[in-house]
Amino acid sequence: MTTRMGVKKMMHSIGEAAEICHVSRKTLRFYEELGLLIPDHVSPKNGYRYYSEDTVMMIPILKYYKQMGFRLQEMTGISDTTDYFFHQRNFLSKLDELKREEERIQNCHESVSDWVGLLNEGTMAMENNVNNISLKYIDRDSYYFLEQNFEYDYKASIINIEWTNYLEHFESEITGPVILSFSDYKAKAEGIIKHATVVQKPVRNSKYLIPRQDYGGQMFACLYHLGDHKNISEKYQLLEEWAADHNYKIGPNCYERYVIDYWSTQDPNKFVTEIMVPATKM
């Protein structure tokens, strides 16, 4: 058969080209619509398409570009250029895009993994009715934070619209539980504290464009509160009694770490909160 260049070469029908390269005819027609793979000859009588050996050998190249993450629309021109710098520019641009996608997937994996960990932690605490006080050292880390008014509306503080908007504004992402920091655990227990600081861990690929504060780096007296937050103040009395019995000074600040909360269930009876108060041996 004579090609569009007037040279006799072996030509393959669209069906043969599809079979040779393990693609569908529909795929080859789509490649043609996008200008990626143009038939060397189209019969004026019946519209049948024919492809030369060189054109058929472009199909594995397109497949490999697809494997590397290129969208079909990004492959335009790869069959026409003789400049390998064209490919180099394409690859460098794709590497940047893939790096961003890799970071996004890592962030998603970290966030989902942390949430599964919280659910497991909360479930074990609930099922085993864990109510003993323990000493725990928390490694120092830098967390995002935002100071807010606090009115003992736990749902508004946990499903925190202001906090979410703040993070989104600066394109900053978080993972792990919502933690509220209070400057005075006694005032918190008495229901008279007026301010809280929401703190939460940045994901690993966070740009750190917003202020952070240190969290941890010391010993804490920790106690789970199981159930509705409205009864949480009772636990602070238990912590005070434990500190006196074991010769520890606690406070003055405290943290409430919401393990299972409104993000996971609307049943207050299934809430699990870890109260954490700095503890120093007397």
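Numbers here are sequence positions counted from 1.
- In this structure, E234 and Q237 have side chains that are not in contact, with every pair of non-hydrogen atoms separated by 4.5 Å or more.
- Ion pairing between a basic and an acidic side chain is recognised when a charged N comes within 4.0 Å of a carboxylate O; E74 and K94 show such pairing.
- For the pair N128 (side chain) and V130 (backbone), a donor-acceptor distance under 3.5 Å is absent.
- Among Y144, Y143, W163, the single residue meeting the side chain to side chain donor-acceptor pair (under 3.5 Å) criterion with Q200 is W163.
- Between Y166 and T164 the shortest side-chain heavy-atom distance does not fall below 4.5 Å.
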Go through it in stages, so that I can follow the logic: the residues are K194 and N149, the test is side chain to side chain contact (heavy atoms under 4.5 Å, CB included), and I'd like the CA-CA distance, side-chain angles, deciding distance and then a yes or no. CA-CA 6 Å; K194 300 297 183 182; N149 294 328; over 6 Å; no
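- Checked by atom type and distance alone, the side chain of E16 pairs as donor or acceptor with a backbone atom of S13 at under 3.5 Å.
- Remark: E168 CD to I161 CD1 distance equals 11.0 Å, nearest 0.5 Å.
- The side-chain heavy atoms of L62 and L36, taken from C-beta on, include a pair separated by under 4.5 Å.
- Distance check, rounded to the nearest 0.5 Å: CD1 of I14 to CG of L28 gives 5.0 Å.
- With respect to the salt-bridge test (charged N to carboxylate O, under 4.0 angstrom), the residues E32 and R49 qualify.
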Show every donor-acceptor pair shorter than 3.5 Å between a side-chain atom in residues 213-223 and any protein atom, with sequence neighbours excluded, or say none if there are none.
| residue | atom | partner | partner atom | Å |
| --- | --- | --- | --- | --- |
| D214 | OD1 | S142 | OG | 3.4 |

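- Here N205 contributes atom CG and E173 contributes atom CD; the two are 9.0 Å apart, rounded to the nearest 0.5 Å.
- In this structure, the side chains of V42 and P39 come closer than 4.5 Å at one or more pairs of heavy atoms.
- Taking CZ of F30 as the reference point, atom CG of L34 lies at 4.5 Å (rounded to 0.5 Å).
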The test is side chain to side chain contact (heavy atoms under 4.5 Å, CB included); show your working for Q266 and K155 and say whether it passes. CA-CA 10 Å; Q266 296 301 308; K155 187 170 186 178; 3.3 Å; yes
Take K63 and Y65 through the test side chain to side chain contact (heavy atoms under 4.5 Å, CB included) and record every step on the way to the result. CA-CA 5 Å; K63 283 185 172 183; Y65 263 73; over 6 Å; no
Could you go through residues 273-282 and list every donor-acceptor pair under 3.5 Å that involves a side-chain atom there, pairing it with any protein atom two or more places apart or in another chain?
| residue | atom | partner | partner atom | Å |
| --- | --- | --- | --- | --- |
| T273 | OG1 | H229 | NE2 | 3.3 |
| E274 | OE1 | R257 | NH1 | 2.8 |
| E274 | OE2 | K136 | NZ | 2.6 |
| K281 | NZ | H246 | O | 2.9 |

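- The six-membered or imidazole ring of W242 lies near that of Y248, with a centre-to-centre distance under 6.0 Å.
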Side-chain donor-acceptor contacts of residues 174-192 below 3.5 Å, not counting sequence neighbours, with atom names and distances?
| residue | atom | partner | partner atom | Å |
| --- | --- | --- | --- | --- |
| T175 | OG1 | D114 | OD2 | 2.6 |
| D184 | OD1 | K186 | N | 2.9 |
| D184 | OD1 | A187 | N | 3.2 |
| Y185 | OH | E240 | OE2 | 2.7 |
| K188 | NZ | Y154 | OH | 2.7 |
| K188 | NZ | E256 | OE2 | 2.8 |

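- In this structure, NE2 in H225 is found 11.0 Å from CG in L238, a value given to the nearest 0.5 Å.
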After noting the C-alpha distance and the side-chain angles of L118 and W263, does the key distance pass the side chain to side chain contact (heavy atoms under 4.5 Å, CB included) rule? CA-CA 11 Å; L118 286 172; W263 284 99; over 6 Å; no
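- The ring of F150 has its center closer than 6.0 angstrom to the ring center of Y152.
- Side-chain N or O atoms of S111 include one that pairs as donor or acceptor with a backbone N or O of N107 at under 3.5 Å.
- With N165 contributing its side chain and E162 its backbone, the two residues share no donor-acceptor pair below 3.5 Å.
- Here the straight-line distance linking atom CG of L98 with atom CD of E101 works out to 8.0 Å at 0.5 Å rounding.
- Summarising the geometry of F271 relative to T265, their closest heavy-atom pair is CE2-O, 3.5 Å, with the distance given to 0.1 Å.
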